[in-house]
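Residue numbers start from 1 in every chain, and the chains themselves are labelled A, B, ... in the order their sequence lines are given, proteins ahead of strands. These numbers come from a predicted model, not from an experiment.
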2 protein chains.
Amino acid sequence: MLLRDRILEAAVRVYGAHGFRGATTRRIAEAAGVNEVTLFRTFGSKAALIDAAIRNRTAREDAQHLPAVPGDVVAELTAWAGSIHGHMRRMRSMIRKCMSEMEERPEMSGAACEGPTWAHKELRDYLHRVQEAGLASRDVDPMIAASMLMSSLFADAMGRDMMPSIYPPASSAAEQYVRVIARALGITVTPRATKRPGASRAASAPAS
Amino acid sequence: MLLRDRILEAAVRVYGAHGFRGATTRRIAEAAGVNEVTLFRTFGSKAALIDAAIRNRTAREDAQHLPAVPGDVVAELTAWAGSIHGHMRRMRSMIRKCMSEMEERPEMSGAACEGPTWAHKELRDYLHRVQEAGLASRDVDPMIAASMLMSSLFADAMGRDMMPSIYPPASSAAEQYVRVIARALGITVTPRATKRPGASRAASAPAS
DNA sequence: GATGCAAGCAAGTATTTACTTGCATCCCCC
DNA sequence: GGGGGATGCAAGTAAATACTTGCTTGCATC
């Protein structure tokens with residue numbers, strides 16, 4: 001059934017661009033290259049269609065795991081954070097709409113919360129294992145550290161479009177966040193390989 | 001002119017609850033206790049009204065400053081972060097809507113970016129002064145540290161409603177974020193005064 | 001070729017929305 | 001007391017929206 005998937009994909013695209021109220025059945029039908037009546041025949045109502053579209057999108061998250069026994073913590077975290085960051089950035093339009101409509105339509109936007117909640121737990125548990133292995137100080141609550149790294153990735157993915165000046169370059173953002181968290185945890189971090197020597201320390205002096 | 005302000009306040013309230021498309025002139029008029037026609041006579045159009053309402057709200061931000069010469073860094077940052085966090089939390093509904101509609105109506109939602117951008121700069125410059133004063137390691141880029149603290153406050157304020165389990169209790173959140181950042185910067189932090197002794201280290205072990 | 005199902009197409013319905021018009025009413029200032 | 005400006009009220013308009021109905025067309029299976 002190819003047509004159903006095409007409609008779902010078009011719906012999530014239009015929803016991401018215009019939100020629930022802005023995602024008119026006309027627009028979705030046009031985006032899917034399908035007659036408007038087909039939407040109602042296949043999904044019953046606009047709400048059911050968009051609900052299915054969001055669920056369909058959030059379902060196929062390829063959940064990436066952190067290693068059960070920590071090795072090179074900074075490298076492992078950087079890879080993981082980079083993938084989470086990329087995922088959030090790809091879904092940013094939809095996530096923004098879901099967040100903004102959570103209060104009005106909790107049953108459909110709620111699915112978007114499961115991903116971050118799961119990822120936070122994954123990260124928190126990993127950091128706990130790192131502490132247990134004696135690789136990090138026990139003075140920092142892993143739950144807080146996990147929250148902060150997740151928050152950094154999240155806010156970066158959401159805000160980079162609107163306020164590019166307050167975030168590091170996208171290519172190295174995840175790594176830099178991980179390194180700060182690692183420092184807080186007392187994990188020894190090797191100095192960054194920067195293109196221009198000396199750029200790593202006090203890189204951004206105040207402009208004014 | 002009391003009536004104009006009453007309309008603006010009602011408009012921003014309805015906008016925060018329902019977004020641009022959901023903020024119908026009927027709803028705004030009802031919330032303001034005013035005839036619908038008055039909206040058009042006073043502001044011309046719905047778009048102009050909501051634009052004015054958002055600008056009016058974001059304008060009266062009482063900008064809190066960090067001290068020009070750093071003293072007790074953790075205490076100063078905690079106070080500042082707490083105020084920013086409170087502010088973000090009070091405006092969270094409106095911020096969510098602005099973020100989600102930024103792509104569709106950049107001219108009106110754009111005003112919401114100025115606050116965070118300014119706060120980030122304030123924080124980054126402060127951290128730079130802390131480094132210059134020899135109170136913190138120079139190995140961490142102040143811009144990254146500022147981003148991460150701002151991100152933590154922001155994501156907390158936005159996400160706490162939907163995912164309360166992944167954030168620390170609201171009363172101590174700002175302080176905890178500040179302490180982690182301080183650790184990363186190599187600032188000596190005094191151990192937290194917790195209600196139950198021992199709760200500060202390894203406070204949240206994995207549940208499963 | 002007949003049958004049945006899935007999809008397109010055209011048209012229509014009831015509701016909502018932004019916005020307008022015309023008139024009555026109130027209140028402040030002179 | 002009278003005039004003017006601001007506000008309320010009733011009604012209406014044009015457009016958009018979700019959703020329905022009736023019919024045609026294509027296609028695959030028997």
Can you tell me if B:Thr38 touches the phosphate of D:dG8, counting only side-chain N or O atoms and a distance under 4.0 Å to OP1 or OP2?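 Checking B:Thr38 against D:dG8: at least one side-chain N or O falls below 4.0 Å of OP1 or OP2.
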
With respect to the phosphate group of D:dT7, does any side-chain polar atom (N or O) of B:Asn35 fall under 4.0 Å of OP1 or OP2? no

Between the side chains of A:Glu36 and A:Lys46, is the shortest nitrogen-to-carboxylate-oxygen separation below 4.0 Å, so that they form an ion pair?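 Judged by the 4.0 Å cut-off on N to carboxylate O distance, A:Lys46 and A:Glu36 do not form a salt bridge.
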
Is the shortest side-chain N to carboxylate O distance from B:Arg55 to B:Glu114 below 4.0 Å? no

Partner lookup for D:dG1, please. Criteria are Watson-Crick or G-U wobble with both distances under 3.5 angstrom; report none if nothing qualifies.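 For D:dG1, the partner nucleotide comes out as C:dC30, under the 3.5 Å rule.
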
Any-strand Watson-Crick or G-U partner of C:dT20, both distances under 3.5 Å: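 Paired with D:dA11.
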
Would you mind reading off the distance between [X] atom [atom1] and [N] atom [atom2], rounded to a whole angstrom?
| X | N | atom1 | atom2 | answer |
| --- | --- | --- | --- | --- |
| A:Arg4 | C:dA7 | CZ | P | 11 Å |
| A:Leu39 | C:dC9 | CG | P | 13 Å |
| B:Leu2 | C:dC27 | CG | P | 16 Å |
| A:Glu30 | C:dG8 | CD | C1' | 16 Å |

Audit row: B:Ser109, B:Glu101, side-chain hydrogen bond (donor to acceptor under 3.5 Å, both in side chains) steps and yes/no: CA-CA 7 Å; B:Ser109 303; B:Glu101 283 160 15; 5.0 Å; no

Could you tell me how the ring of A:Phe154 sits relative to the ring of B:Phe154: parallel (under 30°), tilted (30 to 60°) or perpendicular (over 60°)?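 Parallel, since the angle between the ring planes stays under 30°.
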
Kindly say whether the aromatic ring centers of B:His87 and B:Trp80 come within a distance under 6.0 Å.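 Between B:His87 and B:Trp80, the centre distance exceeds or equals 6.0 Å.
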
Protein proximity profile, nucleotides 17-23 of chain C - base contact B, sugar-phosphate-only contact S, no contact -, cut-off 4.0 Å on heavy atoms: BSBBBB-

Please answer whether the main-chain N or O of B:Pro168 pairs with a side-chain N or O of B:Gln176 as donor and acceptor at a distance below 3.5 Å.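 Not a single qualifying donor-acceptor pair exists.
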
